[in-house]
**Student:** 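One structure, as structure tokens, below. Some questions next.
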Amino acid sequence: KLTVPMALKYGTEIYFNGEKKMEIIIAIIGTATTIITAILTNYFTKKNQIKFEEKQLKEKYYLEYIEAISRNINNMTDNDDETINENHAFNRIILIGSEDMLNKLYKFQDLRIRHLKYNDVSEYDKKYTNALNDLIKAMRKDLFGKEDKHIHDIYFLGGVLKGNNIEKLK
């Protein structure tokens, strides 16, 4: 029986001499390179896919929250369903938002809650606008990875009615 050390010692041409040895080494290197490339490609593809899915989820939750706030702003009557929807949207965001965005979200919500419950916030409109600006900018930074330095005043449209709709409210 011929073993590997014997093949090297006796110089047989089975696989361990000259060219044949080099062919095996090249084949092993090629196979190892292919396997490593496949593993790294799979790793980075999955990593990018997870980031993409996380970004989509954040975008969905942020849009739901903004829509819920907008519905509340445009709601002319007290509607508990709208408030509940906004609360649910808020609660979903706290699961996925970045730390900076969550700090801005809590600041914005705390301001709104204090105003609604106690109506004792001085310069509420100014503080509301600043908190909303900070929140939207934080959401955009969380989604797109860059800070909006040239966007200054962000606001929601609410209560803007066409002339013929104003008459209906009287």
Side-chain angles (χ1 to χ4, degrees), residues 1-74 81-113 126-158:
K1 182 174 178 182
L2 185 64
T3 63
V4 172
M6 289 172 65
L8 289 172
K9 182 178 179 183
Y10 295 113
T12 55
E13 303 228 355
I14 296 179
Y15 291 108
F16 304 100
N17 252 356
E19 279 184 48
K20 296 211 182 231
K21 182 178 179 182
M22 190 55 80
E23 288 173 6
I24 290 175
I25 291 172
I26 290 171
I28 290 171
I29 290 172
T31 302
T33 301
T34 302
I35 291 170
I36 290 170
T37 301
I39 290 170
L40 289 175
T41 300
N42 187 40
Y43 170 78
F44 287 116
T45 299
K46 287 205 181 276
K47 186 177 177 181
N48 287 337
Q49 181 181 1
I50 289 169
K51 279 185 177 181
F52 177 74
E53 289 172 0
E54 179 183 339
K55 182 179 175 183
Q56 281 185 317
L57 191 59
K58 283 182 180 186
E59 183 177 355
K60 177 184 175 191
Y61 286 175
Y62 292 172
L63 288 173
E64 286 176 1
Y65 179 72
I66 290 170
E67 186 178 321
I69 292 172
S70 181
R71 280 194 308 264
N72 256 346
I73 289 172
N74 287 301
D81 289 339
E82 295 298 339
T83 301
I84 290 169
N85 286 337
E86 183 180 332
N87 292 344
H88 288 312
F90 173 88
N91 293 337
R92 281 189 289 273
I93 286 179
I94 62 175
L95 179 65
I96 193 95
S98 70
E99 182 179 351
D100 180 52
M101 196 285 308
L102 289 176
N103 287 331
K104 304 289 195 293
L105 176 68
Y106 287 129
K107 181 180 175 186
F108 178 70
Q109 279 299 110
D110 289 347
L111 177 70
R112 290 178 67 218
I113 290 168
K126 182 179 179 181
K127 290 178 180 176
Y128 176 92
T129 300
N130 289 337
L132 178 64
N133 280 330
D134 291 345
L135 174 62
I136 299 298
K137 286 178 182 180
M139 286 179 172
R140 291 175 58 87
K141 183 179 179 184
D142 199 18
L143 287 173
F144 306 117
K146 60 182 180 176
E147 193 170 332
D148 293 321
K149 295 180 181 178
H150 302 291
I151 297 177
H152 301 288
D153 293 327
I154 297 171
Y155 56 89
F156 289 155
L157 290 180

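Residue indices begin at 1 and follow the sequence shown. These values consider heavy atoms only, across backbone and side chains, with no hydrogens, waters or symmetry-generated copies.
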**Student:** Of Leu135, Asp134, Asp110, Asp100, which meets side-chain contact (heavy atoms from CB on, under 4.5 Å) against Leu105?
**Tutor:**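 Among Leu135, Asp134, Asp110, Asp100, the one meeting side-chain contact (heavy atoms from CB on, under 4.5 Å) with Leu105 is Leu135.
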
**Student:** How far does CD of Glu59 sit from CE of Met139, to the nearest 0.5 angstrom?
**Tutor:**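 Rounded to the nearest 0.5 Å, the CD-CE separation comes out at 11.5 Å.
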
**Student:** Any non-hydrogen side-chain atom of Asn103 less than 4.5 Å from a side-chain atom of Lys107?
**Tutor:**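 No; the side chains remain at least 4.5 Å from each other.
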
**Student:** Are any non-hydrogen side-chain atoms of Ile84 and His88 less than 4.5 angstrom apart?
**Tutor:**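 Counting from C-beta outward, Ile84 and His88 do come under 4.5 Å.
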
**Student:** Rounded to the nearest 0.5 Å, what separates atom CZ in Arg112 from atom CD in Glu86?
**Tutor:**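 With rounding to 0.5 Å, CZ (Arg112) is 4.0 Å from CD (Glu86).
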
**Student:** Tell me if a side-chain donor or acceptor on Asn133 pairs with a main-chain N or O of Thr129 at a distance below 3.5 Å.
**Tutor:**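 Answer holds: yes.
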
**Student:** Judged by atom type as modelled, is there a donor-acceptor pair below 3.5 Å linking the side chain of Ser70 to the main-chain atoms of Ile66?
**Tutor:**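 Side chain of Ser70 to backbone of Ile66: no pair is present.
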
**Student:** Quick one: side-chain hydrogen bond (donor to acceptor under 3.5 Å, both in side chains) partners of Asn85, sequence neighbours excluded?
**Tutor:**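 In terms of side-chain hydrogen bond (donor to acceptor under 3.5 Å, both in side chains), with neighbours along the sequence ignored, Asn85 is linked to no residue.
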
**Student:** Does the distance from a Lys or Arg side-chain N to an Asp or Glu carboxylate O, for Asp142 and Lys58, drop under 4.0 Å?
**Tutor:**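 Looking at Asp142 and Lys58, the cut-off is met.
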
**Student:** Check Leu111 against Ala131 and note the closest heavy-atom contact, atom names and distance.
**Tutor:**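 The pair with the smallest heavy-atom distance is CD2-CB, 4.2 Å.
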
**Student:** Within the structure provided, determine whether Lys51 and Lys55 are in side-chain contact (heavy-atom separation under 4.5 Å).
**Tutor:**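 Heavy-atom side-chain distance check fails, nothing below 4.5 Å.
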
**Student:** Does a side-chain heavy-atom distance below 4.5 Å link Met101 with Ile93?
**Tutor:**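 With C-beta onward as the side chain, the pair touches.
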
**Student:** Does a sphere of radius 6.0 Å around CD in Glu53 hold more than 12 heavy atoms from other residues, nucleotides or ligands, not counting ones at 6.0 Å or beyond?
**Tutor:**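 Atom CD in Glu53 is crowded, with more than 12 foreign heavy atoms closer than 6.0 Å.
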
**Student:** Rounded to the nearest 0.5 Å, how far apart are CG of Leu57 and CZ of Arg92?
**Tutor:**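 Between Leu57 CG and Arg92 CZ, I get 10.0 Å after rounding to 0.5 Å.
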
**Student:** I want to check something: taking the side chain as every heavy atom from C-beta on, are Gln49 and Phe52 in contact at a cut-off of under 4.5 Å?
**Tutor:**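 Result no, sub-4.5 Å side-chain heavy-atom pair not found.
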
**Student:** Could you state the interatomic distance from NZ (Lys137) to CG (Leu132), rounded to the nearest 0.5 Å?
**Tutor:**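 Lys137 atom NZ to Leu132 atom CG measures 10.5 Å (nearest 0.5 Å).
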
**Student:** Could you check whether the rings of Phe108 and Tyr128 sit parallel, tilted or perpendicular, using 30° and 60° as the cut-offs?
**Tutor:**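 If you compare the ring of Phe108 with that of Tyr128, the planes turn out tilted.
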
**Student:** Does the side chain of Ile94 reach to within under 4.5 Å of the side chain of Tyr106, using non-hydrogen atoms?
**Tutor:**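 The answer is yes, as the side chains (C-beta and beyond) meet within the 4.5 Å cut-off.
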
**Student:** Please identify each residue that fulfils side-chain contact (heavy atoms from CB on, under 4.5 Å) with Leu40, with sequence neighbours left out.
**Tutor:**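 Once residues adjacent in sequence are excluded, the partners of Leu40 under the side-chain contact (heavy atoms from CB on, under 4.5 Å) criterion are Ile36, Phe44.
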
**Student:** Quick one: pull up CD in Glu82 and CD1 in Ile69 and give me the separation to the nearest 0.5 Å.
**Tutor:**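 Reported value, rounded in 0.5 Å steps: 12.0 Å.
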
**Student:** Quick one: CD1 on Ile35 to CD1 on Ile39, what's the gap to the nearest 0.5 Å?
**Tutor:**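 One finds 7.0 Å between CD1 of Ile35 and CD1 of Ile39.
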
